[in-house]
Amino acid sequence: QLEQTKKKLEKMGVFDVNKKKKIPLVPKKIAVVTSLTAAALQDIIHIAERRYPVCNIEVYPAQVQGTAAAQTICKALSAADKSGADTIILARGGGSSEDLMVFNDEAVALAVYACNTPVISAVGHETDTTLADYAADMRAPTPSAAAEIATPDKADILNAVRLLRQKLDKAMELKLKLPKIIEKLITEKGVIYFGVGGALGFDMLAEKAVLKLKKKYPFIKLILVLPCKNHNKNWKIADKLELNFIAKQADKISYISENYTPYCITLRNRRLVNNSKYCICYLNKPTGGTAYTVNYAQENGLEIINLA
């Protein structure tokens with residue numbers, strides 16, 4: 001009987017992995033479908049409050065064994081799905097195969113599958129597997145594990161916020177320093193050799209600084225050096241618009257070759273290095289051609305300015 005039901009649900013696509021929904025990383029509300037007296041419920045609440053105390057936990061009570069259990073589980077799942085929760089946890093602690101049989105009920109598996117809200121199934125122990133597990137978007141080995149899957153760790157969030165703050169501080173510092181760096185370059189050479197993309201390209205912050213200084217110092221020559229005339233044909237629209245914006249401001253556009261060849265990018269970067277005193281890089285760990293260009297610039301005594 002169980003195998004027949006499983007095959008039937010498989011043919012219906014209930015277990016299709018391509019239909020599984022992603023579990024939200026930062027939920028505002030989690031709906032728990034389980035028995036009010038279950039130890040599993042207390043485990044879920046305790047772990048969720050420890051890991052992510054700002055999350056709201058709502059319980060949708062259901063019988064988890066007995067003749068009426070399937071009907072109450074389906075009803076509770078439907079209510080949880082309509083509650084606006086970000087994630088649903090369907091949970092029950094360990095028990096015998098007979099105790100968990102309700103989670104092999106066809107109606108329960110279909111109710112899990114029908115939920116628009118991502119469902120984590122946490123039924124029994126790690127070795128127990130039910131049709132509800134297969135139908136869910138994710139299976140957790142235990143209710144405690146389900147609570148960990150459903151919630152982020154507040155320590156990880158605080159760490160991410162600290163890293164973001166560091167990046168913002170560095171960006172603000174760069175915003176203040178970069179115009180002075182470029183102004184120094186201008187007063188020393190009177191010409192800016194400008195490459196879009198690659199190790200010697202500027203990000204938009206640098207581009208705006210260059211163009212602002214160009215207005216301040218009209219005698220400055222802005223030379224845009226590109227590998228070839230059609231090198232940007234496969235670029236994204238936003239990148240093409242950015243290049244066009246810079247090209248309109250340039251006093252001269254210099255091309256290495258008429259048509260694209262892999263070597264023309266290397267030649268472009270060498271020309272930029274040979275005509276510059278500074279190498280602008282905005283990658284933390286440059287690789288490939290970018291790494292080659294940075295190394296080439298260092299070998300030629302250029303000062304490396306890393307915007308990353």
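Start at 1 with the first residue, then count along the sequence.
- Inspection of the Thr37 and Ser35 side chains reveals an N or O donor paired with an N or O acceptor under 3.5 Å.
- Remark: Leu77 CG to Leu110 CG distance equals 11.5 Å, nearest 0.5 Å.
- Ala150 and Ile30 make their closest contact through CB-CD1, 3.8 Å (heavy atoms, listed as atom of the first residue, atom of the second, distance).
- Ile88 and Phe103 fall within a single hydrophobic cluster, where Ile, Leu, Val, Met, Phe, Trp and Tyr side chains are chained together by heavy-atom contacts under 4.5 Å.
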Apply side chain to side chain contact (heavy atoms under 4.5 Å, CB included) to Ile44 and Ser144, showing your working. CA-CA 6 Å; Ile44 290 170; Ser144 297; over 6 Å; no
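- A 6.0 Å sphere centred on CD of Gln71 holds no more than 12 heavy atoms belonging to other residues, nucleotides or ligands.
- The distance from the CG atom of Leu158 to the CZ atom of Arg165 is 14.0 Å, given to the nearest 0.5 Å.
- Residue Lys28 places its NZ atom among 12 or fewer non-hydrogen atoms of other residues, nucleotides or ligands, all under 6.0 Å distant.
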Using the rule given for side chain to side chain contact (heavy atoms under 4.5 Å, CB included), can you reason through Thr129 versus Arg139, listing the C-alpha separation, both sets of side-chain angles and the distance that settles it, and then say yes or no? CA-CA 9 Å; Thr129 306; Arg139 176 185 179 264; 4.1 Å; yes
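- The existence of a salt bridge linking Lys29 and Glu58 is confirmed by a sub-4.0 Å separation between a basic side-chain nitrogen and an acidic carboxylate oxygen.
- If you check the side chains of Ser78 and Asp81, you find no donor sitting under 3.5 Å from an acceptor.
- Within the model, atoms CG of Asp133 and CG of Leu90 stand 8.5 Å from one another, a figure rounded to the nearest 0.5 Å.
- The ring pair (Phe, Tyr, Trp, His ring centres under 6.0 Å) pairs that include a residue from residues 11-56 are Phe15-Tyr134, where partners are two or more places apart or lie in different chains.
- Smallest separation of non-hydrogen atoms from Ile120 and Ala140: CG2-CB, 3.9 Å.
- Both Val54 and Val26 are members of a single hydrophobic cluster when ILVMFWY side chains are connected at heavy-atom separations under 4.5 Å.
- Taking both residues in full, the closest heavy atoms of Asp137 and Lys21 are given as OD1-N, 2.7 Å, listed atom of the first, atom of the second, then distance.
- Atom CE of Met138 sits about 10.5 Å away from atom NZ of Lys22, to the nearest 0.5 Å.
- Lys75 NZ: 12 or fewer foreign heavy atoms inside a 6.0 Å radius.
- Between Pro143 and Ala40, the closest heavy-atom pair is CG-CB, 3.5 Å.
- More than 12 heavy atoms of other shown residues, nucleotides or ligands fall within 6.0 angstrom of atom NZ in Lys20.
- Scanning both residues, Ala48 and Ile57, for their nearest heavy atoms gives CB-CD1, 3.9 Å.
- Note that NZ of Lys6 and CG of Leu131 are 7.5 Å apart. Values are rounded to the nearest 0.5 Å.
- Note that CG of Asp86 is 11.0 Å distant from CG of Leu25, once rounded to the nearest 0.5 Å.
- Looking only at side-chain heavy atoms (C-beta outward), Pro53 and Lys154 come within less than 4.5 Å of each other.
- Heavy atoms only, all atoms of each residue included: Ser83 and Ala31 are closest at OG-CB, 4.4 Å.
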